[in-house]
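The structure appears below as structure tokens.
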Protein chains: 2
Amino acid sequence: MQDDDIANIMRALGHPVRLNILRFIASQQQRECCCGDVTESLPLAQSTVSQHIKVLLDAGLIERKPHGTRNRYMIRHDRLSEIGTAFGGLLTGLNFQAPHKEAEPA
Amino acid sequence: MQDDDIANIMRALGHPVRLNILRFIASQQQRECCCGDVTESLPLAQSTVSQHIKVLLDAGLIERKPHGTRNRYMIRHDRLSEIGTAFGGLLTGLNFQAPHKEAEPA
DNA sequence: CGAATTAATCGGTGAATTGCGATGAACATG
DNA sequence: CATGTTCATCGCAATTCACCGATTAATTCG
């Protein structure tokens, strides 16, 4: 995964409301819900929630399925595990990354 | 760790330049470097790099140690592992979180 | 077809972010 | 003490973000 992708995802996760939205979706019985459900659970206007959902969509964290007059949203578990791997790699790299040049002093 | 803390950290990680700075610091022989070193490695002005460093500092991802006329920066490994744990918890929660209310329909 | 529902999108506002050059504080050294 | 080095910080412009109300598109249903 590119740095830009990681940065995008991190930015998408970098807002408390969006964390709440993700958790809300994950907490639903069917593991999916529509925009209105989310809006009800938050002290924000519908348009604002829709915006946040769009950010999560663009970052690939959730997916949309139109269903009649409403949309169903659900967590993209496939991407979540990718992200987990990438993030783990990032942290590991920061912890143990070999020196810039000429590691292994023989 | 609070949602706000996580969001702050994610936002700090949400910029490619800052990812580069972190990796650059981690890649140094002594696992530390000063602002000038970072600036040389990037096509950005010194003031801009200093700003990014401040964001990383505020998020607790690096620490500063004054050393003569320059400052030494190093990765905060303690925090890194905290963050790893918190992030893992977040992802796990999104994957397996129990339904919001009244699970177990008896 | 007409009315209602749902939710995306548009336009606007204020705040924050990102970049820069310039300034100034802290320190070392001649 | 004067000079040079390093770097944080201060404006400043441009862009993006977060939020809102209003509008519009899609769909269902009477």
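Letters go in sequence order (proteins before strands), and every chain restarts at 1.
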Note to self: Under 4.0 Å, counting only non-hydrogen atoms across every strand here, what does A:Arg72 touch: a base, just sugar-phosphate, or nothing?
What the structure shows: nothing
Next item on the list: Check whether any side-chain heavy atom of A:Met1 lies under 4.5 Å from a side-chain heavy atom of A:Ile9, and answer yes or no.
Entry: yes
Identify the pairs formed between an N or O of the protein and an N or O of nucleotides 4-6 of chain C at a distance under 3.5 Å, and give each distance.
{"residue": "C:dT5", "atom": "O2", "partner": "A:Thr69", "partner atom": "OG1", "Å": "3.1"}
{"residue": "C:dT6", "atom": "OP1", "partner": "A:Arg70", "partner atom": "NH2", "Å": "2.7"}
{"residue": "C:dT6", "atom": "O4'", "partner": "A:Thr69", "partner atom": "OG1", "Å": "3.1"}

Margin query: Is any side-chain heavy atom of B:Ile21 closer than 4.5 Å to one of B:Leu42?
Written below: yes
Next item on the list: In whole angstrom, give the distance that lies between atom NE2 of B:His67 and atom P of C:dC27.
Entry: 13 Å
Next item on the list: Evaluate the side-chain proximity of B:Arg79 to B:Leu61: yes if any heavy-atom separation is below 4.5 Å, no if none is.
Entry: no
Next item on the list: Go through the steps for B:Ile25 and B:Cys33 under the test side chain to side chain contact (heavy atoms under 4.5 Å, CB included), then give the verdict.
Entry: CA-CA 6 Å; B:Ile25 295 174; B:Cys33 63; 3.6 Å; yes
Next item on the list: If a pair satisfies side-chain hydrogen bond (donor to acceptor under 3.5 Å, both in side chains) and one of its residues is in residues 1-16 of chain B, list it, with sequence neighbours excluded.
Entry: A:Arg23-B:Asp3, B:Asn8-B:Arg11
Notebook entry, point to check: Can any side-chain N or O of B:Thr85 pair as donor or acceptor with the backbone N or O of B:Ser81 at less than 3.5 Å?
Noted result: yes
Please write out each protein N/O paired with an N/O of nucleotides 17-23 of chain D under 3.5 Å, distance rounded to 0.1 Å.
{"residue": "D:dA18", "atom": "OP2", "partner": "A:Arg18", "partner atom": "NH1", "Å": "3.3"}
{"residue": "D:dC19", "atom": "OP2", "partner": "A:His52", "partner atom": "NE2", "Å": "2.6"}
{"residue": "D:dC20", "atom": "OP2", "partner": "A:Ala45", "partner atom": "N", "Å": "2.8"}
{"residue": "D:dC20", "atom": "OP2", "partner": "A:Thr48", "partner atom": "OG1", "Å": "2.7"}
{"residue": "D:dG21", "atom": "N7", "partner": "A:Ser47", "partner atom": "OG", "Å": "3.2"}
{"residue": "D:dG21", "atom": "O6", "partner": "A:Ser47", "partner atom": "OG", "Å": "3.1"}

Next item on the list: Could you state the atom-to-atom distance from CG of B:Leu56 to C1' of C:dT17 in whole Å?
Entry: 14 Å
Next item on the list: Report the distance from atom NZ of B:Lys54 to atom P of D:dT6, rounded to the nearest whole Å.
Entry: 22 Å
Margin query: Rounding to an integer number of Å, can you tell me how far B:Ile21 CD1 sits from D:dC7 C1'?
Written below: 14 Å
Next item on the list: Taking all non-hydrogen atoms of both residues into account, name the closest pair between A:Phe24 and A:Asp37 and its distance.
Entry: CZ-O, 3.7 Å
Note to self: Main chain of A:Gly88, side chain of A:Thr92: is a donor-acceptor contact present, judged purely on distance under 3.5 Å?
What the structure shows: yes
Margin query: Without decimals, in angstroms, what is the distance between A:Glu40 CD and C:dA7 P?
Written below: 10 Å
